[in-house]
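As a basis for the values below, the full set of heavy atoms in this structure was taken, side chains included, without hydrogen atoms, waters or symmetry mates. A, B, ... follow the sequence lines: proteins, then strands. Residue 1 opens every chain.
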4 protein chains.
Amino acid sequence: MPKKAAGRAGRPRDENVHRAILDAARDLIRDEGYASFSIEGVAARAGVAKQSIYRRWSSKGALLVDLYMDGLDRLEPALGRGFPDDLLAVLQQTTKRVQDPTYANILKSVVVEAQSDPDMRKLVLKKIVEPRREAAKTLITNAIAAGELPSTLDAEMIVDFVFGAVWFNLLLGDANLTSQFARRIVKTIELLSPASRP
Amino acid sequence: MPKKAAGRAGRPRDENVHRAILDAARDLIRDEGYASFSIEGVAARAGVAKQSIYRRWSSKGALLVDLYMDGLDRLEPALGRGFPDDLLAVLQQTTKRVQDPTYANILKSVVVEAQSDPDMRKLVLKKIVEPRREAAKTLITNAIAAGELPSTLDAEMIVDFVFGAVWFNLLLGDANLTSQFARRIVKTIELLSPASRP
Amino acid sequence: MPKKAAGRAGRPRDENVHRAILDAARDLIRDEGYASFSIEGVAARAGVAKQSIYRRWSSKGALLVDLYMDGLDRLEPALGRGFPDDLLAVLQQTTKRVQDPTYANILKSVVVEAQSDPDMRKLVLKKIVEPRREAAKTLITNAIAAGELPSTLDAEMIVDFVFGAVWFNLLLGDANLTSQFARRIVKTIELLSPASRP
Amino acid sequence: MPKKAAGRAGRPRDENVHRAILDAARDLIRDEGYASFSIEGVAARAGVAKQSIYRRWSSKGALLVDLYMDGLDRLEPALGRGFPDDLLAVLQQTTKRVQDPTYANILKSVVVEAQSDPDMRKLVLKKIVEPRREAAKTLITNAIAAGELPSTLDAEMIVDFVFGAVWFNLLLGDANLTSQFARRIVKTIELLSPASRP
DNA sequence: CCGTAAACGAGACGGTACGTCCTGTCTTCTA
DNA sequence: TAGAAGACAGGACGTACCGTCTCGTTTACGG
């Protein structure tokens with residue numbers, strides 16, 4: 001007769017299974033790319049039943065989102081040094097992760113999944129896109145308030161510019177998403193500041 | 001006396017079949033979205049053999065690229081009025097087409113296909129992305145030469161900003177890709193011009 | 001405490017699916033003949049996935065062999081009454097089954113499949129041909145030993161004669177493969193017996 | 001107003017095309033067997049249009065029948081030496097041809113085609129099966145009339161025995177269809193003759 | 001020597017089926 | 001209840017041939 005009412009009845013989920021799935025998924029998308037990434041393949045590689053994956057993630061995309069976030073630092077620690085430096089830090093968190101082709105593949109796949117699944121799109125926005133956009137947006141509006149950027153600036157559009165450049169190059173562009181690339185972005189934004197004028 | 005040396009041997013491709021495929025594909029992606037878009041489905045809807053599709057397009061993606069371009073005007077005619085107006089025209093060609101959800105879906109699908117097929121990626125760049133980027137790049141560099149934009153400007157990055165904003169919002173964003181949105185983009189770029197300074 | 005060590009892992013094959021496939025296959029070959037007999041057609045008619053057929057049978061031919069054997073009595077029970085009667089019984093098992101045009105079609109199809117697939121040929125021999133030939137061969141050699149047939153007889157050749165007559169008429173001949181036909185075969189073999197001589 | 005009723009208008013059939021088709025078909029069935037024998041394949045190998053094959057033969061089977069008969073000697077020359085020798089000669093014409101695996105394959109294929117095409121079945125009977133059966137039947141009935149075989153004999157059944165043994169071993173049996181095999185057949189038939197009795 | 005007409009290589013065409021892969025769900029046994 | 005295993009209905013893949021068709025070109029004969 002089971003005692004504890006808190007912990008639900010039955011056998012608890014096995015944490016090793018969780019890890020095995022994430023590891024197998026990461027290895028698979030590293031080795032084969034998104035084209036041959038399937039739940040079936042992950043299960044086989046992880047030595048796990050398909051059901052054990054579906055029990056944890058409602059779709060391929062949800063798994064990929066967790067896979068991208070897995071081990072990713074929180075944003076805040078790097079911040080606090082003001083407009084151009086903090087914006088650079090935000091962008092470099094992404095460029096750094098995406099330098100690893102594995103994570104670049106994951107991020108591309110996440111976008112793919114979002115195109116045909118509205119729930120997935122919401123999830124991607126909430127877990128990956130919005131946190132970074134919000135951070136950047138705040139930095140921009142603060143910079144405007146501080147007179148470091150013109151008061152007429154369309155802050156939302158600047159955020160679109162900055163992240164658009166990153167996403168575009170991830171998905172279709174030729175640019176290597178290096179730290180240097182992030183620096184070029186920020187440099188170009190800085191040209192808008194009154195201080196940059198002759 | 002041989003007539004046409006040019007005309008290749010064998011029965012020529014049937015233009016009606018070509019049209020039927022494009023029409024069926026467009027209808028299908030309009031009615032069902034990309035998720036249930038299949039070569040099989042297009043063939044059935046067009047009343048055509050699958051082979052007749054594969055004979056013309058090597059992949060689902062290649063078909064989608066042609067589908068997006070089908071009936072799209074050349075860029076040049078709209079140009080010739082100088083930097084901000086021409087840039088706006090270039091962007092509005094896309095925003096206009098993408099206002100139709102059918103073409104928005106096609107364009108999303110094209111990006112999806114490009115993520116798992118390097119040939120497809122090249123095709124998308126060559127047929128859809130690069131022509132517009134080149135047009136915009138030329139406008140930007142001309143504007144710099146004319147002193148309408150600062151000489152220190154990273155033209156390539158401006159192009160990334162401009163198209164990044166469009167692609168990002170197509171794939172993941174909340175912005176409605178209206179003509180007004182294109183205007184906001186151009187307005188923000190104009191803030192860089194020396195003339196806009198106090 | 002583990003119960004059954006024997007029961008293999010995973011969901012067991014569904015016996016209803018097995019039956020549905022055999023029934024659909026039989027109906028199909030009855031109604032349409034071998035020409036339009038396809039795995040696809042069987043699956044559709046059985047309301048079953050193609051994979052469920054391939055899981056059980058490696059080829060169309062293997063399915064047909066099982067289909068022919070399905071419900072066919074073992075040979076032995078009918079035997080035990082000595083040379084001419086037992087030989088007749090062996091032959092009549094086949095003529096009886098083949099009186100039903102459905103099973104005649106199946107048997108023809110089985111030969112067809114065997115012509116282009118060595119594995120199939122082995123299967124047909126093992127499951128259909130050899131058991132009957134062995135039974136007949138034993139009866140012949142016993143009859144020789146008992147002096148009912150001449151000691152100089154080439155027993156293997158007699159078996160070839162007897163079954164050759166059946167197979168030939170099934171595949172190419174005009175003879176209706178009735179019980180009477182089997183009787184004619186046995187009668188002709190009996191002419192070899194010393195007892196039949198003047 | 002066309003004059004000659006005999007020679008029809010238009011370009012006459014090219015005899016080289018005819019030969020090229022037969023040669024390509026023979027080579028194909030020799031090298032690949034019946035499994036991958038297709039009109040498409042023959043056309044490609046012969047360097048000929050598919051239509052040129054369909055113009056001459058109504059089906060794959062009709063082509064195969066001609067292919068088998070191509071270059072085959074008439075039956076008669078070998079005959080005239082009485083019952084056992086002439087029967088042997090008739091059988092050996094077939095065993096000899098069938099020693100070449102190419103022709104064995106053709107003959108098997110011909111039977112295959114006959115199973116799903118009534119016209120083909122008639123053609124095979126008329127052009128390949130019946131002539132030989134008729135020859136044998138005549139020899140048997142003559143032998144009965146001459147007292148070389150018992151008067152009670154079922155001549156048709158003997159023919160079934162003799163050709164059944166050949167066809168069975170061609171299609172399903174282990175016996176190598178050598179001249180020696182034909183001799184064994186005839187030997188066993190001879191056991192029926194009154195002269196063979198003690 | 002010219003026009004008609006069939007033959008010819010080539011290859012497109014609507015179809016049908018192939019055997020494989022993957023989806024998301026289910027059913028079994030074992031822990 | 002979780003978990004490994006694997007069956008299940010379903011859908012699509014890309015390929016191979018079928019037999020028919022439409023091209024441009026070639027080759028004979030009859031006028």
Side-chain angles (χ1 to χ4, degrees), chain A residues 2 7-14 16-17 36 38-41 43 46-55 58-60, chain B residues 1-14 16-17 36-41 43 46-56 58-60, chain C residues 1-14 16-17 36-41 43 46-56 58-60, chain D residues 1-4 7-14 16-17 36-41 43-44 46-56 58-60:
Chain A
R8 275 151 51 267
R11 175 176 174 175
R13 299 239 176 117
D14 185 340
N16 295 327
V17 168
S36 44
S38 67
I39 296 285
E40 200 124 306
V48 138
K50 275 200 290 178
Q51 197 59 256
S52 296
I53 300 180
Y54 285 116
R55 205 174 280 126
S58 59
S59 68
K60 200 153 49 163
Chain B
M1 190 215 292
K3 289 282 176 55
K4 286 171 65 176
R8 276 156 50 268
R11 178 176 175 176
R13 302 257 171 98
D14 186 338
N16 295 326
V17 168
S36 46
F37 178 85
S38 66
I39 295 284
E40 201 126 307
V48 138
K50 271 200 288 181
Q51 195 57 45
S52 293
I53 300 181
Y54 285 115
R55 205 175 281 127
R56 291 170 169 77
S58 60
S59 69
K60 204 159 33 168
Chain C
M1 189 213 296
K3 290 283 176 54
K4 286 172 63 177
R8 275 157 51 271
R11 176 175 177 175
R13 301 258 171 98
D14 186 337
N16 296 327
V17 168
S36 47
F37 179 85
S38 67
I39 295 284
E40 200 125 306
V48 137
K50 272 199 289 181
Q51 193 58 44
S52 293
I53 301 180
Y54 286 115
R55 204 176 282 126
R56 292 170 168 79
S58 60
S59 67
K60 203 158 36 168
Chain D
M1 191 213 292
K3 286 280 178 59
K4 285 198 1 183
R8 274 151 54 266
R11 178 175 174 175
R13 299 246 175 110
D14 185 340
N16 295 327
V17 168
S36 44
F37 180 85
S38 66
I39 295 285
E40 201 123 309
V48 139
K50 275 200 289 179
Q51 198 59 257
S52 295
I53 300 180
Y54 285 116
R55 205 174 282 126
R56 291 170 170 78
S58 61
S59 69
K60 199 152 51 161

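In terms of the side-chain contact (heavy atoms from CB on, under 4.5 Å) criterion, residue partners of D:Ala43 (sequence neighbours excluded) are, by chain and number, D:Lys50, D:Ile53. Residues satisfying the side chain to side chain donor-acceptor pair (under 3.5 Å) criterion with D:Arg55, sequence neighbours excluded, are D:Ser52. Here D:Ala46 pairs with D:Ala20, D:Ala24, D:Val48 under the side-chain contact (heavy atoms from CB on, under 4.5 Å) rule; sequence neighbours left out. Applying the side-chain contact (heavy atoms from CB on, under 4.5 Å) rule to B:Arg11 yields no partners; only residues at least two apart in sequence or on another chain are considered.
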Polar atom pairs (N or O), protein with nucleotides 13-17 of chain E, under 3.5 Å:
| unit_1 | atom_1 | unit_2 | atom_2 | d |
| --- | --- | --- | --- | --- |
| E:dC13 | OP1 | B:Asp14 | N | 2.6 |
| E:dC13 | OP1 | B:Arg56 | NH2 | 2.9 |
| E:dC13 | OP2 | B:Arg55 | NH1 | 3.1 |
| E:dC13 | OP2 | B:Arg56 | NH1 | 2.8 |
| E:dC13 | OP2 | B:Arg56 | NH2 | 3.1 |
| E:dG14 | OP2 | B:Ala49 | N | 3.2 |
| E:dG14 | OP2 | B:Ser52 | OG | 3.0 |

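As rounded to whole Å, 12 Å separates atom P of F:dG10 from atom CD1 of C:Ile53. Computed from coordinates, the C:Tyr54 OH to F:dC13 C1' distance equals 14 Å when rounded to whole Å.
Taking CD1 of B:Ile39 as the reference point, atom CD of B:Gln51 lies at 11.0 Å (rounded to 0.5 Å).
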